[in-house]
2 protein chains.
Amino acid sequence: MTGETERREAAERLALTLVGVGMQRMGARALAAFLFSEQETLTAADLASELGVSAGSVSGAVRMVAQMGLIERVHVAGSRREHFRMRDNAWTTLYTRQHSVVDEVLRAVDEGVDAVGAGRARDRLEYMRDFYAFLLNEAPVLVERFEAQRAESQRRGGSRP
Amino acid sequence: MTGETERREAAERLALTLVGVGMQRMGARALAAFLFSEQETLTAADLASELGVSAGSVSGAVRMVAQMGLIERVHVAGSRREHFRMRDNAWTTLYTRQHSVVDEVLRAVDEGVDAVGAGRARDRLEYMRDFYAFLLNEAPVLVERFEAQRAESQRRGGSRP
DNA sequence: CCCTGTCTTCAGAAATTTCTGAACGTTCGC
DNA sequence: GCGAACGTTCAGAAATTTCTGAAGACAGGG
């Protein structure tokens, strides 16, 4: 266990890395806040104060991260504020969704294949199509294997209370 | 086989889709130009005229796409211009490299795990770490399987001359 | 050794993205 | 129903990214 400052720095570093990978800045920071929080859920106000940004920014960031399937809204009785929680299967969901953008690319490539006659261009496009189609097929298999593996090691090692 | 206009439109559509997936605009357009060209290689001048942009833009775009491992420089005797060609293993290379940014994320997460004590945050971070480590391991296996499968179907079906 | 054709670099313009703050809905407790 | 507490939206400011055009660098032929 280390200090609060170090925790925040690690969170910001992870957020920065995610930005480097193409994620939007505020969404990445929000996600990191969830990851590094000891709370089960966070409210919009929590996020605003943790990140030092306006309510408007939080609203936008939360919507984006929720749409990615990483967090979900939770209704807590007796609290007027909306709470958010990281979803259990966040990462596998994210991976699967990323592969639905692969599907988008695949469609565009397919149109390309139809638009050219036999020749070099067609060969290249078909190669690209084949690889992306392969990935699209294999992604769910991979996720299943991970989850099976994880369930197994949880059973052996026991989960945290 | 269809018209030149349709070919260009399909190319631009694919480029647009790639931009939507996070690729830079000019890089995506250059890549599409390669994919849809009947030529084996293209020069910077070819790209500039095909895309209708300045030499400076082409220089930047080509550098980026080359750095992604999708195209390579080719020296052609008797031509002063530099030629570029899509690499044969472009897509598998791209996939592999994308997984080296996964490695970057993994490192950042690992730092996070070290920065928090036992508790919810640590559980979340460890889960994330496990999934990304799993992906990093499996990516090369996937690529190998694709290449084996492709080699097999080439052997059976015969490759284009 | 110079000259020409080609590529790269870079400062600034243009376009795009991102964030904010204030106004506007909405919902819940009373 | 009323009022207060929250959340959302949106116009515009700020920051960032992207593109260009011109100037410079480099290589090879003559």
Side-chain angles (χ1 to χ4, degrees), chain A residues 11-12 14-34 39 41-68 70-86 101, chain B residues 11-12 14-34 39 41-68 70-86 101:
Chain A
E12 286 297 334
L14 178 54
L16 249 306
T17 308
L18 291 173
V19 169
V21 173
M23 197 165 173
Q24 254 148 325
R25 186 180 145 76
M26 201 53 87
R29 293 187 68 203
L31 180 60
F34 278 101
Q39 311 290 328
T41 67
L42 293 177
T43 66
D46 291 338
L47 283 170
S49 93
E50 173 83 16
L51 303 177
V53 298
S54 71
S57 296
V58 170
S59 176
V62 155
R63 179 163 35 144
M64 134 152 312
V65 183
Q67 198 163 16
M68 290 171 84
L70 295 174
I71 65 176
E72 61 191 349
R73 291 168 141 75
V74 180
H75 247 351
V76 173
S79 168
R80 206 129 154 197
R81 302 183 169 187
E82 240 171 331
H83 291 240
F84 300 91
R85 174 174 62 195
M86 268 202 81
V101 313
Chain B
E12 286 296 335
L14 178 54
L16 249 304
T17 307
L18 291 173
V19 169
V21 173
M23 197 165 174
Q24 255 148 324
R25 187 180 144 77
M26 201 51 87
R29 294 188 66 204
L31 180 59
F34 278 101
Q39 310 291 328
T41 68
L42 293 177
T43 66
D46 290 339
L47 283 170
S49 94
E50 173 82 17
L51 303 176
V53 297
S54 71
S57 297
V58 170
S59 177
V62 156
R63 179 162 38 140
M64 134 151 315
V65 182
Q67 199 164 15
M68 291 170 84
L70 295 174
I71 64 175
E72 62 190 348
R73 282 162 208 274
V74 180
H75 246 351
V76 173
S79 168
R80 210 130 150 193
R81 302 182 169 186
E82 241 172 330
H83 291 239
F84 300 93
R85 175 176 60 197
M86 267 202 82
V101 311

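Lettering follows sequence order; numbering is per chain, from 1. What you see below is based on every heavy atom in this structure, not just the backbone, and it leaves out hydrogens, waters and symmetry mates.
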*What bend angle does the helix from C:dC1-D:dG30 to C:dC30-D:dG1 show across its length, from five-pair end axes and to the nearest 10 degrees?*
20°
*In the 5'-to-3' direction, what one-character label does each nucleotide of nucleotides 5-13 of chain D receive under the scheme B = base within less than 4.0 Å of a protein heavy atom, S = sugar-phosphate only, - = no such atom?*
-SSSB----
Listing, residues 16-26 of chain A side-chain donor-acceptor contacts under 3.5 Å, not counting sequence neighbours, or none:
from	atom 1	to	atom 2	distance (Å)
A:Thr17	OG1	A:Arg13	O	2.9

*Could you identify which residues of residues 24-32 of chain B place a heavy atom less than 4.0 Å from some atom of DNA chain C, listed by residue number, or say none?*
none
*Can you tell me how far NE2 of A:His83 sits from OG1 of A:Thr43, rounded to the nearest 0.5 angstrom?*
6.0 Å
*Only one of A:Met86, A:Glu72, A:Arg85 forms a side chain to side chain contact (heavy atoms under 4.5 Å, CB included) with A:Thr41, so which one is it?*
A:Arg85
_Between D:dT17 (P) and B:Met64 (CE): distance, integer Å_ = 12 Å
List the atom pairs, with distances to 0.1 Å, where a side-chain N or O of residues 52-63 of chain A and a protein N or O form a donor-acceptor pair under 3.5 Å, not counting sequence neighbours.
from	atom 1	to	atom 2	distance (Å)
A:Ser54	OG	A:Ser57	N	3.2
A:Ser54	OG	A:Ser57	OG	3.2

_Between A:Arg81 and A:Ala44 (side chain of the first, backbone of the second, donor and acceptor by atom type, cut-off under 3.5 Å), is there such a pair?_
no
*Figure out the CG/C1' separation between B:Leu51 and D:dC19, and round it to whole Å.*
13 Å
*asked:* Tell me the interatomic distance from B:Met23, atom CE, to C:dT16, atom C1', rounded to whole angstroms.
replied: 19 Å
_For A:Glu82, salt bridge (charged side-chain N to carboxylate O under 4.0 Å, His left out) partners two or more places apart_ = A:Arg73
*Spacing of B:Leu42 atom CG relative to C:dT6 atom P, expressed in whole Å*: 16 Å
*When all nucleic acid strands are considered with a 4.0 Å heavy-atom cut-off, which category describes A:Val58: base, sugar-phosphate, or nothing?*
nothing
*Atom CZ of B:Phe34 and atom CD of B:Gln39: how far apart are they, to the nearest 0.5 Å?*
11.0 Å
*Measure the spacing between CZ of B:Phe84 and CG of B:Asp46 and express it to the nearest 0.5 Å.*
10.5 Å
*Identify the two heavy atoms, one from A:Leu51 and one from A:Ala33, that lie closest to each other, and give their separation to 0.1 Å.*
CD2-CB, 4.3 Å
*Would you give the length of the straight line joining atom CG of A:Leu42 to atom CD1 of A:Ile71, rounded to the nearest 0.5 angstrom?*
9.0 Å
